[in-house]
Each structure stands twice: as C-alpha cells, then as structure tokens.
Asks: 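Here it is: the structure, laid out below.
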2 protein chains.
Amino acid sequence: MAESQTRRGRQSPEQRRSQLIGIGLDMLTRRPLHQVTIDEVAAKAGISRSLLFHYFPTKRDYYAEVVRAASRRLLRATRAETGEQNTVEGVVAGYLSFIERRHEPYIALFRSAGTDDWVREIFVETRAALVDELLTALRLVEPTELVRAAVGAWLSFAEELSLEWAQHRVGTREEVLALLIGALRSVVPAEPHGS
Amino acid sequence: MAESQTRRGRQSPEQRRSQLIGIGLDMLTRRPLHQVTIDEVAAKAGISRSLLFHYFPTKRDYYAEVVRAASRRLLRATRAETGEQNTVEGVVAGYLSFIERRHEPYIALFRSAGTDDWVREIFVETRAALVDELLTALRLVEPTELVRAAVGAWLSFAEELSLEWAQHRVGTREEVLALLIGALRSVVPAEPHGS
DNA sequence: CTGCCTATCGAGCAATGCTCAATAGTGCGG
DNA sequence: CCGCACTATTGAGCATTGCTCGATAGGCAG
C-alpha cells in the first residue's frame with residue numbers, strides 16, 4: 001500500500017505534486033491533518049523530506065493544497081448527487097444520501113477545520129459554495145445577508161444531524177429528512193410559486 | 001501583564017495549578033490552543049518548562065484541563081444568563097445575549113474542538129450538558145434519541161447563526177431571535193400545554 | 001559525448017515536547 | 001535553634017519535526 005504510492009527515480013514535477021497531494025488526501029481520511037508529519041508523507045512517497053519542501057514552500061502550503069483538493073472533491077460529489085434535483089426535497093435528500101455514503105471523508109475535512117486560520121478559510125469558502133448551490137436550488141435569487149447566514153447555519157445543523165444519523169442511525173431516514181426539510185423551510189422565506 | 005501572572009518563589013501546588021490553568025484560559029481566548037507552546041506558558045508563569053511537566057504529565061493533559069475549565073465557565077455563564085427564564089423565548093434569548101456578550105471565548109473554545117479527539121470529547125460533553133438545559137427548559141422529559149440529536153444539531157445552528165450575528169451584525173436582533181426560535185420549534189415536538 | 005538544467009538528497013539548525021538527576025525552600029521533630 | 005525529610009523547582013540533555021542549503025546526479029539539447 002505504501003509501495004503503491006511509491007515510484008522510484010526522477011519524475012516530472014506535476015506527477016510528484018499530484019502524487020504528494022494524493023498521499024495527503026489519503027492521510028486526511030485517517031486522522032487530523034496537523035498530526036501528519038512531513039517525514040511520514042515523504043516516506044510514503046519514497047522521497048526525502050527536502051524534496052517535499054522543494055515542491056511546497058512550507059508544511060502549511062502543502063496542507064492547504066491538500067485541503068483544497070479535498071474540498072473540490074466534496075463539492076463535485078455533492079453536485080453529482082444533487083445535480084438532477086431542483087426541488088427542496090430533492091436537494092436535501094441528495095445531501096443526506098451524500099453524507100450517508102461519504103461521511104468519513106466529510107468528517108475528516110471538517111474536523112480539520114478548527115485547526116488553523118488558513119484551513120478555516122478554505123472551509124468557509126467551501127461552505128459558501130454549498131450555500132450557493134442550495135440557494136439556487138431553492139430558487140432564491142438575491143437573498144439578503146441574513147438569509148445567506150441562515151442557510152449557512154442550517155448547513156451546520158444539517159451536517160451535525162446527518163453525521164449523527166450516518167454514524168449512529170438514530171431515527172429513520174424519513175424522520176431525519178423531515179427534520180432537515182422542516183428546519184430549512186422554517187429558516188428561508190417561502191419559494192416563489194410557479195415555474 | 002505577564003508580570004501580573006508572575007509570583008516568584010515556592011508556592012503551594014494548588015496555587016500553581018490554578019495559576020497555570022488561568023494562564024491557559026487566557027491564551028485560549030487569544031489563539032488556538034495547539035499553537036500555544038509550553039515554553040510560552042512557563043515563561044508567563046515565571047517558571048521553568050520542567051515544572052509544568054511536574055504538574056501535568058503531558059501537554060495534552062494540561063490542555064485538557066484548560067479546556068475543561070473553559071467549558072465549566074461557559075456552562076456556568078449560560079446558566080446564569082438563562083437561569084430565571086423557562087419559556088422557549090426566554091431560554092433562546094438568554095442564549096443569544098450570552099453569545100453576544102461572550103462570543104470571543106465561545107469561539108475560542110469551539111475553534112479548538114476540531115484539533116484532537118480528547119478535546120472533541122470535552123466538547124461533546126459540554127454540548128450534551130447544554131442540550132440537557134434546553135430540554136428541561138423546554139419541558140421535554142424523556143426525549144427520544146432523535147429529539148436529543150435534533151436539539152444538539154440545532155445548537156450547531158444556533159452557534160453558527162449567533163456568532164455570525166455577533167460578529168457581523170447581519171440582520172436585527174429580533175430577526176435572528178425569530179429564526180432561532182422558529183427553527184427550534186420546527187425541530188422539537190410541541191410542548192405540553194398548561195403549567 | 002558534453003554540458004546545462006533541475007529533481008533529488010544528506011547534513012545540519014532551531015524549536016518544542018519531554019526526562020531525569022540535582023538543588024534549594026519549607027516545615028517538623030528534637 | 002538545628003538538622004532532617006519532603007518536595008517544589010531547576011538545568012542539562014534527548015528525540016522529533018519543520019525547514020535550509022550546498023552538493024549530487026539523472027536526463028535532454030546541442
């Protein structure tokens with residue numbers, strides 16, 4: 001497994017970079033980022049510490065790129081899941097099944113959010129993108145700042161409840177879905193009628 | 001300021017411990033815990049690194065006690081704020097004004113939640129206690145697991161929205177309060193009538 | 001084949017968590 | 001008042017880890 005990531009000999013910068021980021025993504029799902037050492041990553045890649053610093057000026061920059069990559073993956077996956085739906089029910093159901101299937105990387109990503117400001121930043125960017133998806137799916141154009149904030153906060157609610165459900169299966173899927181949709185409806189202004 | 005924490009000479013273990021934890025609490029409000037070094041704390045206390053390890057077997061243990069202390073403070077403060085009220089409106093309003101006044105330590109505490117499992121643990125304990133307060137204030141005895149989970153998730157929602165409001169003042173206080181209460185109502189079963 | 005470009009390495013530095021044996025206040029029995 | 005035990009306190013030192021820098025070596029252009 002460590003070997004599968006290892007390719008000996010001189011390589012092109014792009015290969016190396018993506019290999020290193022790939023390793024980072026892998027580690028990210030196993031434990032909080034800040035307790036992953038450069039030595040470990042280098043060892044898994046079969047290179048020396050120094051080389052990693054040749055590609056990423058600092059540990060932070062490396063982590064930042066890894067987290068960014070994880071965030072992109074996440075957004076793509078959510079979009080794939082909820083892409084066809086554009087009713088509230090569809091989007092929320094998509095979100096829930098997404099978390100049901102992928103709650104581990106999701107947890108991993110958001111667990112690493114608290115660590116430092118530079119991660120936090122990527123984290124809020126990601127959430128902002130998710131909020132946008134939700135808002136357009138809800139056909140709420142030009143929402144007030146308060147509505148944006150409320151939807152962002154609802155996302156916290158949804159994350160927490162969905163993860164709890166995915167991990168401990170408290171309640172039925174339908175009940176959870178009803179709670180999620182009910183909360184969202186109580187928080188955003190009613191959608192405009194008609195198409 | 002560093003001097004105010006400094007007391008020279010031999011001291012009783014209890015004094016030292018509480019002094020050190022006090023310093024930790026102070027640091028906690030300034031930046032994420034995991035980037036506070038033992039050297040720094042020791043310097044502020046006017047003692048050597050070694051002594052800190054005499055009182056706390058490991059850095060983690062020290063941090064854990066600091067976070068626990070912060071958590072206790074937080075719970076006491078919330079209780080003080082919402083103590084008299086026992087309507088939904090009263091509790092939620094109390095919670096909101098609490099965060100309005102004390103959002104910095106609150107942020108500090110929860111920002112350090114993502115770092116490691118041992119902090120996470122204290123964090124969930126604290127949240128569980130808050131959920132209990134809410135449930136009794138809501139006069140919901142013997143809630144189902146799902147209701148507990150939902151209230152816990154609502155707390156995430158409330159945290160996020162209240163902090164956003166406290167920091168950027170998006171919307172009026174009444175609007176935010178209405179959102180909070182509306183969401184909570186939509187999430188828990190109706191309270192029993194009568195007194 | 002020669003020489004340049006650069007991917008790659010190894011040695012070494014500084015910060016930091018942590019250990020351990022030694023030191024120095026403090027209070028108690030005489 | 002003296003000395004002794006107890007322990008708060010220290011300083012030196014070790015291992016890990018993020019990071020630097022000069023040296024090496026593999027591959028491509030000419």
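This is a predicted model, so every value here is computed, not measured. Chain letters run A, B, ... following the sequence lines, proteins first, then strands; residues in each count from 1.
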Asks: Which pair of heavy atoms, one from A/V147 and one from A/P143, lies closest together, and at what distance?
Replies: CG1-CB, 3.9 Å
Asks: Is B/R102 salt-bridged to B/E81, cutoff N-O under 4.0 Å?
Replies: no
Asks: How long is the line joining CG of A/L20 and P of C/dA7, in whole Å?
Replies: 13 Å
Asks: Search all heavy atoms of A/T126 against all heavy atoms of A/S71 and return the closest pair with its distance.
Replies: OG1-OG, 2.5 Å
Asks: Set out, line by line, the N/O atom pairs under 3.5 Å between protein and nucleotides 28-30 of chain D.
Replies:
none

Asks: Please list, by residue number, the residues of residues 59-71 of chain A whose heavy atoms come closer than 4.0 Å to an atom of DNA chain C; answer none if no residue qualifies.
Replies: none
Asks: Reading nucleotides 6-16 of chain D 5' to 3', which nucleotides get B (base under 4.0 Å from a protein heavy atom), which S (sugar-phosphate only), which -?
Replies: -BSBBBBB---
Asks: Can A/R169 and B/E145 be counted as an ion pair, charged N to O under 4.0 angstrom?
Replies: no
Asks: Nearest-Å distance, NE2 (B/H34) to P (C/dT16)?
Replies: 13 Å
Asks: I would like to know whether B/L146 and A/L179 meet side chain to side chain contact (heavy atoms under 4.5 Å, CB included); could you show each step before the answer?
Replies: CA-CA 10 Å; B/L146 182 60; A/L179 279 177; 4.0 Å; yes
Asks: How close or far is atom C1' of C/dT16 from atom CG of B/D39, stated in whole angstroms?
Replies: 6 Å
Asks: Can you check the A/R17 CZ to C/dT8 P distance for me, whole Å?
Replies: 13 Å
Asks: Answer yes or no: is there an ion pair linking B/R185 with B/E89, defined by an N-O contact shorter than 4.0 Å?
Replies: yes
Asks: If you define the side chain from C-beta out and look only at heavy atoms, does anything of A/L51 sit under 4.5 Å from A/R16?
Replies: yes
Asks: Of all the heavy-atom pairs spanning B/L96 and B/W165, show the shortest one and how long it is.
Replies: CD1-CE3, 3.8 Å
Asks: In terms of relative ring orientation, are A/W154 and A/Y95 parallel, tilted or perpendicular, with 30° and 60° separating the classes?
Replies: tilted
Asks: In terms of ring plane angle, is the pair B/Y63 and B/W118 parallel, tilted or perpendicular, where the classes change at 30° and 60°?
Replies: parallel
